Amino acid sequence: MITSRTFALSLSLLAFGAEAQEARLGIELNRFDDQNGACQASLVLENGTETAFQQLVLDLVMFDADGVILRRLAVDMAPLRAGRMTVKAFAADGIACETIGRVLLNDVLSCADAAGPTERCFDLIDTRSRTHAEFLN
C-alpha cells in the first residue's frame, strides 16, 4: 500500500535523480605532442548542454611531477555548439610534454552564450585525461 509519505519520498528521489543528471560540459585532455620545442595539447570538449557558447576562455596551470608550476595559460575554447563534440589544441612553448605531471583547470576567465556573459560555466565542467598527466578542476 502506498502512503502519502511513501509517495512524497518517491517524488523527492525522482527530483534528485533529475538534478544528478544535469547536462555537463566534459573536457578531456586527450593527447600531448612535442612539436618544435613546444608541447601541443589536444582537448576533446563534449558540450552535453543545450547551450552554444560563443566565449569560453580557460585558465590552465601546468605542473611538473614534483608539483612545481611550469606554465599558466589562458586558452580559448570557443565557439562550442550545443550538444556537440569539438577538438581544440593549444601549444605550451618551451615545455616538453613528458615533464607535465598534471594540468589544473584553475578558472574560467570568460564564458558567454547567446544571452551574454554567464557565471555558471565552471560548475558545468567535468575534466578527465587520457594522457600520463592528471587533469583536475
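Keep in mind that this is a model prediction, so the values were computed, not measured.
Judged by distance alone, with hydrogens and angles left aside, the side-chain atoms of Asp34 form a donor-acceptor pair with the main-chain N or O of Cys97 at under 3.5 Å. At least one donor-acceptor pair under 3.5 Å links the side chain of Gln54 to the backbone N or O of Ala114. Between the side chain of Arg71 and the backbone N or O of Leu60 there is no donor-acceptor pair closer than 3.5 Å. With hydrogens and angles ignored, the 3.5 Å screen pairs a side-chain donor or acceptor of Asp64 with a backbone N or O of Asp66.
For the atom pair CD of Glu50 and CG of Asp113, the computed distance is 12.5 Å after rounding to the nearest 0.5 Å. Atom-to-atom distance recorded for Asn137:CG and Asp123:CG is 9.5 Å, nearest 0.5 angstrom. Interatomic distance, Leu45 CG to Leu58 CG, rounded to the nearest 0.5 Å: 7.5 Å. Note that CZ of Arg102 is 13.0 Å distant from CZ of Phe135, once rounded to the nearest 0.5 Å.
Side chain to side chain, Asn30 and Glu28 meet the donor-acceptor criterion of an N or O pair below 3.5 Å.
Counting heavy atoms from C-beta outward, Leu70 and Ile100 have side chains that approach closer than 4.5 Å. Counting only heavy atoms from C-beta outward, the side chains of Thr127 and Val103 never approach each other to under 4.5 Å. Using a 4.5 Å heavy-atom threshold, the side chains of Leu105 and Leu136 count as separate. Between His132 and Phe32, the closest side-chain pair of non-hydrogen atoms falls below 4.5 Å.
A chain of hydrophobic side-chain contacts below 4.5 Å, direct or via other Ile, Leu, Val, Met, Phe, Trp or Tyr residues, connects Val75 to Leu124. Val44 and Leu80 fall into different hydrophobic clusters, where Ile, Leu, Val, Met, Phe, Trp and Tyr side chains are chained together by heavy-atom contacts under 4.5 Å.
Residues Cys121 and Val108 share a closest heavy-atom pair of CB-CG1, 4.2 Å. Across all their heavy atoms, Ile125 and Ile27 have their closest contact at CG2-CD1, 3.8 Å. Listed here is the closest heavy atom pair of Cys39 and Ala96: CB-C, 4.3 Å. Closest non-hydrogen pair, Leu29 versus Ala133, comes out as CD2-O, 4.3 Å. Across Leu104 and Phe63, no two heavy atoms sit closer than the pair CB-CE1, 3.8 Å. Across all non-hydrogen atoms, the minimal contact from Gly48 to Ala23 is O-CB, 3.1 Å.
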Give the intermediate values and the outcome of salt bridge (charged side-chain N to carboxylate O under 4.0 Å, His left out) for residues Arg128 and Asp126.
CA-CA 7 Å; Arg128 61 188 171 276; Asp126 292 323; over 6 Å; no
Start with the C-alpha gap between Thr51 and Arg120, add the side-chain angles, then the distance that decides, and say whether side chain to side chain donor-acceptor pair (under 3.5 Å) holds.
CA-CA 12 Å; Thr51 303; Arg120 67 186 186 103; 3.0 Å; yes
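Summarising the local packing, CZ of Arg24 is surrounded by more than 12 heavy atoms from other residues, nucleotides or ligands at distances under 6.0 Å.
Among residue pairs with one or both ends in residues 72-91, those qualifying as salt bridge (charged side-chain N to carboxylate O under 4.0 Å, His left out) are Asp59-Arg72; sequence neighbours excluded.
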